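Structure first, commentary second.
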Amino acid sequence: MLVLNEEQTRAALPWAELIEAVEAMFRSDCVMPVRHHHDMEVPGEANAVMLLMPAWVPGDHIGVKILNLFPDNHLRSLPTIIGSYLLSSGRTGEMLAIVEGGELTARRTAATSALAAKYLARQDAEVMLMAGTGRLSLNLMQAHAVTRPLKRFLIWGRNKEKAEETAEDARALGLDAAAAGDLAAAARQADIISCATLSSEPLIRGEWLKPGAHLDLVGAFKPSMRESDDEAVRRSSVFVDTRAGAMKEGGDIVQPLDSGVLTKEGIKAELAELVHGRHPGRTGPGEITLFKSVGAALEDLAGAILAYRRASGQVSS
């Protein structure tokens with residue numbers, strides 16, 4: 001059985017191949033049971049949570065991501081989320097690989113957003129605004145640059161020093177990046193706006209979106225959290241990774257649904273419908289599009305299979 005650490009997982013998941021793998025998995029007959037949440041007591045500390053995310057393609061591969069969320073891990077200088085992905089054969093049940101969960105999650109999340117942009121962003125998109133400076137920011141910029149001819153990247157964060165550091169890291173990766181001090185001004189320029197934050201209040205206002213803009217919402221993973229305002233929803237054609245997930249977990253969808261700003265019928269399509277051609281995606285150069293991602297277990301399975309095949313030599317590097 002292969003065991004891939006963070007560095008090996010990163011090396012086994014190049015962006016173009018990963019985006020293609022996620023797209024193929026959305027076209028497949030992948031089965032995704034509802035994810036399991038289990039609260040766990042930690043004596044003297046905040047409760048922890050175990051998340052189990054199973055998925056399988058019949059006769060092909062079986063996988064489950066196991067994440068342990070320990071809120072007080074910062075007291076020990078450890079990450080809050082620690083996890084692994086267990087990949088097995090769908091024919092024999094044999095264990096094939098354990099893939100490092102954090103890197104897998106970060107890369108498949110960015111790849112899914114880039115896949116959505118392939119259908120929803122203008123083909124001539126050149127300027128991207130990245131709102132957020134966490135782990136996902138560099139991944140999102142790199143992934144989006146695969147599916148669109150991006151030439152310039154603006155990075156905004158609440159902490160200006162962190163935004164500068166992220167821009168420096170992006171430049172080291174070959175991206176023309178600069179920190180943005182004024183979020184509104186940066187948003188008005190951007191062809192693609194990607195948000196990966198823990199914001200509980202809207203960051204991006206609909207009045208800032210220029211005709212043809214694409215808004216990619218990755219953070220705000222609880223119903224109480226939000227990265228866009230009502231006007232952004234009103235002005236946009238709204239798409240989601242999965243209706244079941246976004247309508248239950250993503251505040252950028254849940255809150256507008258609750259207030260009546262958005263209806264269930266107002267969600268144009270989910271990602272599977274886009275990749276199957278059941279919805280055309282962007283229908284005009286001036287259309288504003290919004291994509292909300294909350295994550296789906298099939299994305300992890302796609303990444304784990306690709307990582308296993310590349311690391312085991314079944315696919316050439």
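Fair warning: this is a prediction, and the values are worked out from it, not measured in the lab. What you see below is based on every heavy atom in this structure, not just the backbone, and it leaves out hydrogens, waters and symmetry mates. Position 1 is the first residue of the sequence, and the numbers go up from there.
Side-chain atoms of T9 and E100 form no donor-acceptor pair, as typed in the model, at a separation below 3.5 Å. In this model, no donor atom of one side chain and acceptor atom of the other lie less than 3.5 Å apart for E165 and T133. When only modelled atom types and interatomic distance are considered, Y119 and E273 share no side-chain donor-acceptor pair under 3.5 Å.
Y85 and I81 fall into different hydrophobic clusters, where Ile, Leu, Val, Met, Phe, Trp and Tyr are joined by side-chain heavy atoms under 4.5 Å apart, directly or via other members. Residues M225 and L217 fall into different hydrophobic clusters, defined by Ile, Leu, Val, Met, Phe, Trp and Tyr side chains chained together at heavy-atom separations under 4.5 Å. Note: the hydrophobic cluster containing I193 also contains W208 (ILVMFWY, side chain heavy atoms under 4.5 Å, direct or indirect links). In the hydrophobic clustering of this structure, L298 groups with I19; members are Ile, Leu, Val, Met, Phe, Trp, Tyr whose side-chain heavy atoms approach within less than 4.5 Å, directly or through other members. No single ILVMFWY cluster, assembled from side-chain heavy atoms under 4.5 Å apart, contains both L140 and L129.
The local environment of CE in M95 is sparse, with at most 12 non-hydrogen atoms from other residues, nucleotides or ligands closer than 6.0 Å. Counting heavy-atom neighbours within 6.0 Å of K210 NZ, excluding the residue itself, gives a total above 12. Remark: M40 CE is packed, more than 12 non-hydrogen atoms of other residues, nucleotides or ligands lying under 6.0 Å away. Counting non-hydrogen atoms of other residues, nucleotides and ligands closer than 6.0 Å to CG of D182 gives a total above 12.
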Next on the checklist: Run the side-chain contact (heavy atoms from CB on, under 4.5 Å) test on I204 and L183 for me, step by step, so that the C-alpha distance in whole Å, both residues' side-chain angles and the decisive distance to 0.1 Å come before the verdict.
Outcome noted: CA-CA 8 Å; I204 303 299; L183 180 58; 4.1 Å; yes
Next on the checklist: Between L198 and F221, is the side-chain contact (heavy atoms from CB on, under 4.5 Å) condition met? List the steps.
Outcome noted: CA-CA 8 Å; L198 301 177; F221 57 87; 3.5 Å; yes
Item to check | Pair Q255-V233, side-chain contact (heavy atoms from CB on, under 4.5 Å): steps then yes or no | outcome: CA-CA 11 Å; Q255 293 182 37; V233 175; over 6 Å; no
Checklist entry - Going through the checks in order, is the salt bridge (Lys or Arg N to Asp or Glu O under 4.0 Å) test met by E17 and R309? => result CA-CA 12 Å; E17 288 90 336; R309 286 175 172 167; over 6 Å; no
Checklist entry - Would I66 and L86 count as a side-chain contact (heavy atoms from CB on, under 4.5 Å) if you check the C-alpha gap in whole Å, the side-chain angles of each, and the deciding distance to 0.1 Å? => result CA-CA 8 Å; I66 304 172; L86 180 60; 5.6 Å; no
Next on the checklist: Quick one, R10 with E7, criterion salt bridge (Lys or Arg N to Asp or Glu O under 4.0 Å). Give me CA distance, side-chain angles, the key distance, then yes/no.
Outcome noted: CA-CA 5 Å; R10 184 183 306 120; E7 183 177 340; 5.7 Å; no
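Note: H144 and F153 fail the aromatic proximity criterion, with ring centroids not under 6.0 Å apart.
Remark: side-chain polar atoms of E227 are paired, donor with acceptor, to backbone N or O of T197 under 3.5 angstrom. A donor-acceptor contact shorter than 3.5 Å links the side chain of R243 to the backbone of I267. Side-chain N or O atoms of D191 include one that pairs as donor or acceptor with a backbone N or O of E126 at under 3.5 Å. In this structure a side-chain-to-backbone donor-acceptor pair under 3.5 Å is present from R235 to G206. Counting only distance, with no hydrogens or angles, the side chain of S236 and the backbone of V238 share no donor-acceptor pair below 3.5 Å. At distances below 3.5 Å, not a single donor-acceptor pair connects side-chain atoms of E23 with backbone N or O atoms of L115. Checking side-chain atoms of N47 against main-chain N and O of D39 turns up no donor-acceptor pair under 3.5 Å. Side chain of R135 to main chain of A106: no donor-acceptor pair is present (N/O by atom type, distance under 3.5 Å, no hydrogens or angles). When atom types are taken as modelled, the side chain of D241 and the backbone of A246 share no donor-acceptor pair closer than 3.5 angstrom. Remark: the backbone N or O of P79 is paired with a side-chain donor or acceptor of N73 at under 3.5 angstrom.
Considering every non-hydrogen atom in both P54 and A297, the closest pair reads O-CB, 3.6 Å. Across all non-hydrogen atoms, the minimal contact from A177 to A167 is CB-O, 3.9 Å. Closest non-hydrogen pair, S228 versus A232, comes out as CB-CB, 4.0 Å. Residue R91 comes nearest to G59 through the heavy atom pair CG-O, 3.2 Å, listed as atom of the first residue, atom of the second, then distance. Closest approach of A163 to G157, counting heavy atoms only: CB-N, 4.0 Å. For the residue pair P285 and R122, the shortest heavy atom distance occurs at O-NH1, 2.8 Å.
For the pairing with S113, the side chain to side chain contact (heavy atoms under 4.5 Å, CB included) check across L136, I192, D216 returns one residue only, D216. No option in D258, V294, L262 other than L262 meets the side chain to side chain contact (heavy atoms under 4.5 Å, CB included) test with I253.
We find the CG-CG distance between L4 and L87 to be 10.0 Å, quoted to the nearest 0.5 Å. Between the CG atom in L175 and the CG atom in L138 there is a gap of 8.0 Å [rounded to 0.5 Å]. Here the CZ atom belonging to R107 is positioned 14.0 Å from the CG atom belonging to D300, to the nearest 0.5 angstrom. Here T147 contributes atom OG1 and K118 contributes atom NZ; the two are 8.5 Å apart, rounded to the nearest 0.5 Å. The structure places CG of L2 at 8.5 Å from CD of Q8, a figure rounded to the nearest 0.5 Å. Here T242 contributes atom OG1 and L271 contributes atom CG; the two are 9.5 Å apart, rounded to the nearest 0.5 Å.
Between E168 and R171 there is no salt bridge, since none of the side-chain N atoms of the basic residue sits less than 4.0 Å from a carboxylate O of the acidic one.
In this structure the side chain of I98 reaches within 4.5 angstrom of the side chain of M1, judged on heavy atoms. Residues H214 and E287 form no side-chain contact, since every pair of their non-hydrogen atoms from C-beta on lies 4.5 Å or further apart. At least one side-chain heavy atom of L120 sits under 4.5 Å from a side-chain heavy atom of L274. The side-chain heavy atoms of R148 and Q123, taken from C-beta on, include a pair separated by under 4.5 Å. At least one side-chain heavy atom of W15 sits less than 4.5 Å from a side-chain heavy atom of N139. H61 has its side chain within reach of L96: a pair of non-hydrogen atoms, C-beta onward, lies under 4.5 Å apart. At a threshold of 4.5 Å between non-hydrogen side-chain atoms, the residues R108 and K65 count as touching. Using a 4.5 Å heavy-atom cutoff, the side chains of R158 and S199 are in contact.
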